[in-house]
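Right, one structure below, let's go through it.
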Number of protein chains: 2
Amino acid sequence: MSRKQTLADRCDCEVIHEDIVNQVREKMPQEETLYELADFFKVFGDSTRIRILWALDEAEMCVCDIAALLNMTQSAISHQLWVLKQAKLVRNRKEGKVVYYSLDDEHVRLILDQGLTHIKEV
Amino acid sequence: MSRKQTLADRCDCEVIHEDIVNQVREKMPQEETLYELADFFKVFGDSTRIRILWALDEAEMCVCDIAALLNMTQSAISHQLWVLKQAKLVRNRKEGKVVYYSLDDEHVRLILDQGLTHIKEV
DNA sequence: ATAATATGTGAATAGTTGCTCATGTGTTCA
DNA sequence: TGAACACATGAGCAACTATTCACATATTAT
């Protein structure tokens with residue numbers, strides 16, 4: 001019975017550095033925040049959405065244009081634009097039948113660039 | 001027959017701004033790069049991995065400690081650490097039976113912080 | 001050598017997700 | 001009014017993924 005009872009029973013090995021674990025636990029952001037953070041990055045974790053973001057960083061475009069540019073169906077693009085809008089990464093304006101999308105966040109480019117920096121270094 | 005033949009046939013609507021589409025297409029990075037970028041961000045798109053990265057930013061830790069900290073099995077953590085290592089985000093060193101993990105990239109914190117900035121603004 | 005411990009790993013599974021297909025909504029134009 | 005067009009959206013499916021489970025490997029201690 002050497003198991004530390006203060007820690008959950010789901011780990012099947014001992015806690016080696018309890019002091020460090022407790023110290024780090026105090027500094028961790030709250031669970032909710034970390035989940036939101038993961039959800040935010042999940043949006044960048046798809047090549048279609050990455051391409052859309054990259055394209056919109058170059059110019060405002062309508063759904064048809066994006067579909068043609070990326071060689072995909074309008075429906076697929078529309079679904080992804082919905083995801084991007086939920087994440088507050090793009091905004092849209094309607095002009096007659098046509099809906100124009102553009103970036104809605106100034107650090108989208110910064111985030112993409114930092115990702116690029118990483119994969120280029122490796 | 002007004003459809004532009006220069007563009008793929010998978011889009012079920014017309015191209016409205018052909019000049020802009022062509023212009024943006026020229027500026028887009030190559031496909032390969034965009035896929036790598038998506039794969040890179042995919043790693044951040046999971047709350048377990050986000051929590052591991054956050055923890056390792058505070059202190060170097062062994063697998064057991066991380067499992068205890070996050071209240072998960074050692075096996076689950078080990079699998080995720082493998083993913084993080086593939087992405088060159090963590091490195092490890094062995095000391096006897098114990099394997100210590102730490103961050104292997106100085107912009108991990110930057111990327112996390114920018115994600116945080118975004119979700120806080122919204 | 002044997003037991004105990006820390007970690008790695010393959011297979012299986014449950015949950016998630018991106019796309020397609022069909023259809024609906026809203027707008028323009030004849 | 002109705003046809004044509006741009007876009008949105010729900011259901012369904014195939015592909016992917018995170019976790020669990022069982023077990024393998026490696027190191028230490030007795």
Side-chain angles (χ1 to χ4, degrees), chain A residues 1-4 8-18 21 34-35 38-39 41-52 61-87 90-101, chain B residues 1-4 8-17 21 35 38-39 41-52 61-87 90-101:
Chain A
M1 253 310 287
S2 64
R3 164 153 259 136
K4 315 292 188 300
D9 215 36
R10 300 191 56 203
C11 178
D12 53 351
C13 57
E14 303 295 325
V15 177
I16 300 181
H17 314 87
E18 194 172 11
V21 170
L34 295 171
Y35 276 95
D39 284 338
F41 284 116
K42 209 169 288 181
V43 178
F44 288 87
D46 176 76
S47 62
T48 299
R49 288 192 292 267
I50 286 278
R51 291 189 296 165
I52 293 175
M61 290 198 285
C62 69
V63 182
C64 267
D65 292 342
I66 301 173
L69 171 67
L70 304 186
N71 193 25
M72 291 179 68
T73 65
Q74 171 267 319
S75 179
I77 299 301
S78 200
H79 278 293
Q80 296 300 357
L81 283 170
W82 183 86
V83 175
L84 290 169
K85 197 177 178 187
Q86 294 305 304
V90 303
R91 60 163 166 266
N92 57 6
R93 68 183 174 86
K94 198 167 182 180
E95 201 170 284
K97 292 183 291 188
V98 184
V99 179
Y100 291 92
Y101 282 85
Chain B
M1 255 308 287
S2 64
R3 162 154 258 138
K4 313 293 187 302
D9 216 36
R10 300 191 59 204
C11 176
D12 54 353
C13 57
E14 304 295 325
V15 177
I16 300 182
H17 313 89
V21 170
Y35 276 95
D39 284 337
F41 284 116
K42 209 168 287 180
V43 178
F44 288 87
D46 176 78
S47 62
T48 298
R49 288 191 293 266
I50 286 279
R51 291 189 296 164
I52 292 175
M61 290 198 286
C62 69
V63 183
C64 268
D65 292 342
I66 302 174
L69 172 66
L70 304 187
N71 192 25
M72 292 179 66
T73 65
Q74 172 269 320
S75 180
I77 300 300
S78 197
H79 277 294
Q80 295 300 354
L81 283 169
W82 183 86
V83 175
L84 290 169
K85 196 176 179 188
Q86 294 305 304
V90 304
R91 62 165 165 266
N92 57 7
R93 68 182 175 83
K94 197 167 183 180
E95 201 170 282
K97 290 184 288 187
V98 184
V99 179
Y100 292 92
Y101 282 84

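Small disclaimer: the values here were computed from a predicted structure and weren't measured. Per chain, numbering begins at 1; letters A, B, ... match sequence-line order.
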C:dT9 base stacked by B:H79 (centroids within less than 5.5 Å, tilt under 30°):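 According to the criterion (under 5.5 Å, under 30°), yes, B:H79 stacks.
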[X] [atom1] to [N] [atom2]: how many Å, rounded?
X	N	atom1	atom2	result
B:D65	C:dT5	CG	P	16 Å
B:L84	D:dA18	CG	P	10 Å
A:W82	C:dG24	CH2	P	21 Å
B:Y100	C:dT7	OH	P	8 Å
A:M72	C:dC21	CE	C1'	14 Å

Consider the side chain of [X], meaning its heavy atoms from C-beta on, and name the nucleotide among [options] that approaches it most closely.
X	options	result
B:Q80	D:dA18, C:dT7, D:dC7	D:dA18
B:S78	C:dG8, D:dT19, D:dC7	C:dG8
A:A76	D:dT9, C:dC19, C:dT9	C:dC19
A:N92	C:dG10, D:dA8, C:dA6	D:dA8

B:K85 meets the side chain to side chain contact (heavy atoms under 4.5 Å, CB included) criterion, sequence neighbours left out, with B:V90, B:N92
Please list, chain by chain and in numerical order, all residues satisfying side chain to side chain contact (heavy atoms under 4.5 Å, CB included) with B:S78, sequence neighbours excluded.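 Per chain and number, B:S78 pairs via side chain to side chain contact (heavy atoms under 4.5 Å, CB included) with B:Q74.
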Between B:Y101 and C:dA6, is there a side-chain N or O to OP1/OP2 distance below 4.0 Å? no
Could a donor-acceptor pair under 3.5 angstrom be found where the side chain of B:Q74 meets the base of C:dG8? yes
Would you kindly check whether a donor in the side chain of A:T73 faces an acceptor in the base of C:dC21, or vice versa, at under 3.5 angstrom? no
Could you list the residues that satisfy salt bridge (charged side-chain N to carboxylate O under 4.0 Å, His left out) with B:D39, not counting sequence neighbours? B:K42
Is there a residue in residues 41-49 of chain A whose heavy atoms reach under 4.0 Å of DNA chain D, and which residues are they?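 Per residue number, the list is empty: none.
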Suppose we screen for ring-ring contact (aromatic ring centres under 6.0 Å, His included). Which residues come up paired with B:F44, at least two apart in sequence or across chains?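 Checked B:F44 against ring-ring contact (aromatic ring centres under 6.0 Å, His included); matches are A:F41, B:F40.
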In chain order, what residues pass the ring-ring contact (aromatic ring centres under 6.0 Å, His included) check against A:Y101, with sequence neighbours excluded?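 Here no residue qualifies.
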Got a donor-acceptor contact below 3.5 angstrom from the B:D65 side chain to the A:I16 backbone? yes
How does each nucleotide of nucleotides 25-30 of chain D score, in 5' to 3' order, for protein heavy atoms under 4.0 Å: base (B), sugar-phosphate only (S), or none (-)? -SBS--
